[in-house]
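One structure is given below, encoded as structure tokens.
All figures in this text were calculated on a predicted structure; none of them were measured in a lab. Protein chains get the first letters and strands the later ones, always in sequence-line order, with residue 1 at the start of each.
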2 protein chains.
Amino acid sequence: MTVPDDDAGPSRPTPIPRRTPLNRERVLRAAVVFADRSGIEALSMRSLAQQLGVVPMALYKHVANKEELLDGMVEVVVGAIDPPTRGAHWKAAVRQRILAARQSLAHHCWACQVIQSRTHASPVVLEYMDSLMGIFLAGGVSAELTHHAMHALGTRMWGFTQEVFPTPEPPADPEARSAMFAQAAAQYPHIVEIATIASRDDGSPAGGGCDEQFEFEFALDVLLNGVERLHRLGWTRPGPGSRSPSG
Amino acid sequence: MTVPDDDAGPSRPTPIPRRTPLNRERVLRAAVVFADRSGIEALSMRSLAQQLGVVPMALYKHVANKEELLDGMVEVVVGAIDPPTRGAHWKAAVRQRILAARQSLAHHCWACQVIQSRTHASPVVLEYMDSLMGIFLAGGVSAELTHHAMHALGTRMWGFTQEVFPTPEPPADPEARSAMFAQAAAQYPHIVEIATIASRDDGSPAGGGCDEQFEFEFALDVLLNGVERLHRLGWTRPGPGSRSPSG
DNA sequence: ACCTGAACACCGTTCAAGT
DNA sequence: ACCTGAACACCGTTCAAGT
């Protein structure tokens with residue numbers, strides 16, 4: 001039984017490489033595609049190697065270890081963030097840049113948890129942070145206030161926030177569902193009140209009815225408006241005796 | 001070679017149980033202590049079992065799997081948060097409660113990343129969120145605004161934030177250090193400018209000179225002040241045409 | 001009926017043997 | 001010199017064998 005050849009003559013002396021040779025770029029892009037399709041929890045050095053048709057050890061030629069692979073995947077996503085718009089007011093420019101980051105992450109939902117788990121910042125990541133700080137500084141915001149603003153943004157500078165309303169799966173049986181609802185309303189009255197208001201469409205408390213984009217922009221604007229207000233007031237760091245840092 | 005006995009006679013028929021029998025409580029507390037001492041990355045079902053002097057399978061009697069073990073560890077930490085102070089203004093009360101959460105987490109630095117990785121909320125966690133919402137609502141803040149405030153707080157409601165300034169280890173050799181500094185100043189001028197200001201003490205950009213407690217309170221106050229301002233203005237959710245959710 | 005050792009199906013990474 | 005299969009030291013979890 002002979003395997004049909006693609007195009008090579010039968011007497012070629014050197015074996016044809018199965019694919020274009022690996023390089024760091026190809027490894028990282030394949031890892032991103034793999035995580036997009038199969039989820040980050042399915043990504044292992046072994047599974048990625050298999051997808052690329054190579055032996056696991058071959059990957060270690062291009063990334064030192066799995067941590068560096070994940071660093072590189074973050075680089076790919078962060079490197080795809082749209083550049084800043086020139087000429088806008090600093091608040092609008094920061095807002096736009098962060099929403100651009102959010103858009104870049106939108107297609108790679110694994111990136112949120114991977115970014116949070118990084119301990120080393122790659123050049124691409126530092127570049128993004130540097131450019132974001134640059135927007136504040138160019139707008140006249142003091143280095144000190146810019147520093148605190150970056151801390152206040154936290155992971156939100158990357159365009160995402162950790163979801164804080166884990167929604168327990170409601171049982172399919174409607175009777176059990178209303179029983180669960182009644183119990184929840186008794187034990188957690190405020191959660192149920194707020195969840196009910198949040199998802200007026202179907203009225204179910206666990207409907208996951210939150211408009212994530214709205215929530216993100218709401219919090220981002222509260223932070224940026226707060227920083228803007230402090231900037232207008234000529235804020236400087238208060239002395240050690242004061243009650244609240246941003247009073 | 002005989003092992004000296006503690007106190008038992010030599011002819012006791014039934015073997016003495018090595019320790020007090022396991023229960024869920026003891027398993028969780030041991031896991032917390034283990035993570036405190038050895039770090040969360042060293043905690044495995046096997047290492048925890050060894051610490052307790054039992055076979056790994058014995059743990060599965062008290063927790064269904066490792067995820068549930070981690071859920072339980074979060075319960076221990078969250079359950080230790082001081083109760084809310086009665087009678088204070090809602091903003092002060094929320095502030096105090098979140099700083100109490102921060103204090104409970106302070107001795108368990110693994111808890112930040114474990115909380116972020118949870119997908120199911122345990123009753124203790126729901127109870128904390130419910131009581132925090134209750135403070136807003138009792139203060140007259142609308143359910144809608146409270147909802148968005150909780151989203152805006154995000155993981156900050158648990159008293160921590162993801163650090164966003166990963167500090168690359170500066171080389172010990174002073175010559176290499178200043179070379180690295182020069183290169184960083186050229187590539188990331190704004191980061192270096194801000195890092196230099198942030199750590200005036202030693203002047204080194206990678207000194208990790210941030211006052212984390214100050215940064216946390218700063219951001220928390222920006223958020224709470226922003227919510228308070230919207231509350232005073234009688235904020236309601238804007239229509240679909242408007243530019244910014246919290247303008 | 002209860003407990004648990006061995007096994008299973010994985011990991012990331014090392015290393016020496018083979019070409 | 002280069003590549004890679006097997007091995008190492010782990011995981012979480014299952015399961016059947018032993019008492």
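In this structure, the side-chain hydrogen bond (donor to acceptor under 3.5 Å, both in side chains) partners of B/Glu215, at least two apart in sequence or on a different chain, are A/His148. The side-chain hydrogen bond (donor to acceptor under 3.5 Å, both in side chains) test applied to A/Ser104 returns no partner, not counting sequence neighbours. In this view, B/Thr155 satisfies the side-chain hydrogen bond (donor to acceptor under 3.5 Å, both in side chains) rule with no residue, not counting sequence neighbours. Judged as a side-chain hydrogen bond (donor to acceptor under 3.5 Å, both in side chains), and not counting sequence neighbours, A/Glu212 has no contacts.
Atom CD of A/Glu41 is separated from atom P of C/dC10 by 14 Å (rounded to the nearest Å). Rounded to a whole Å, the CD1 atom of B/Ile40 is 15 Å from the C1' atom of D/dC11. To the nearest angstrom, P of D/dG5 lies 13 Å from CG of A/Leu59. Between the C1' atom of D/dC10 and the CG atom of B/Leu48 lies a distance of 17 Å, rounded to the nearest Å.
The phosphate of C/dC2 has neither OP1 nor OP2 within less than 4.0 Å of any side-chain N or O from B/Lys61.
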Would you tabulate the pairs of protein nitrogen or oxygen atoms and nucleotide nitrogen or oxygen atoms of nucleotides 12-15 of chain C closer than 3.5 angstrom?
from   : atom 1 : to      : atom 2 : distance (Å)
C/dG12 : OP1    : A/Met45 : N      : 3.3
C/dG12 : OP1    : A/Lys66 : NZ     : 3.0
C/dG12 : OP2    : A/Met45 : N      : 3.0
C/dG12 : N7     : A/Arg46 : NH1    : 2.4
C/dG12 : O6     : A/Arg46 : NH1    : 3.1
C/dT13 : OP2    : A/Tyr60 : OH     : 3.0
C/dT13 : OP2    : A/Lys66 : N      : 3.0

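A salt bridge (Lys or Arg N to Asp or Glu O under 4.0 Å) check over residues 64-80 of chain A, counting only residues at least two apart or in different chains, returns the pairs A/Arg24-A/Glu68, A/Arg24-A/Glu75, A/Glu67-A/Arg118, A/Asp71-A/Arg118. For the side-chain hydrogen bond (donor to acceptor under 3.5 Å, both in side chains) condition, the pairs that include at least one residue of residues 34-45 of chain B, sequence neighbours left out, are B/Asp36-B/His108, B/Asp36-B/Trp110, B/Ser44-B/Ser47.
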Dot-bracket line, read 5' to 3' along DNA chain C, where crossing pairs take [ ] and | marks a partner on another strand, Watson-Crick or G-U under 3.5 Å: ||.|||||...|||||.||
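With A/Met73 as reference, A/Ile40 is the one residue of A/Val63, A/Ile40, A/Ile115 to meet the side-chain contact (heavy atoms from CB on, under 4.5 Å) rule.
For the P atom pair drawn from D/dT19 and C/dA7, the interatomic distance equals 16 Å after rounding to whole Å. Here, C/dG18 and D/dC8 have their P atoms 16 Å apart, quoted to the whole Å. Rounded to the nearest Å, the gap between the C1' atom of D/dT13 and that of C/dT13 is 23 Å.
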Scan the side chains in residues 52-62 of chain B for donor-acceptor partners under 3.5 Å anywhere in the protein, sequence neighbours excluded, and list what turns up.
from    : atom 1 : to      : atom 2 : distance (Å)
B/His62 : NE2    : B/Leu22 : O      : 3.3

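In this structure, A/Arg102 is not positioned above the aromatic face of A/Phe160 in the sense of NZ or CZ being under 6.0 Å from the six-membered ring centre and within 45° of the axis.
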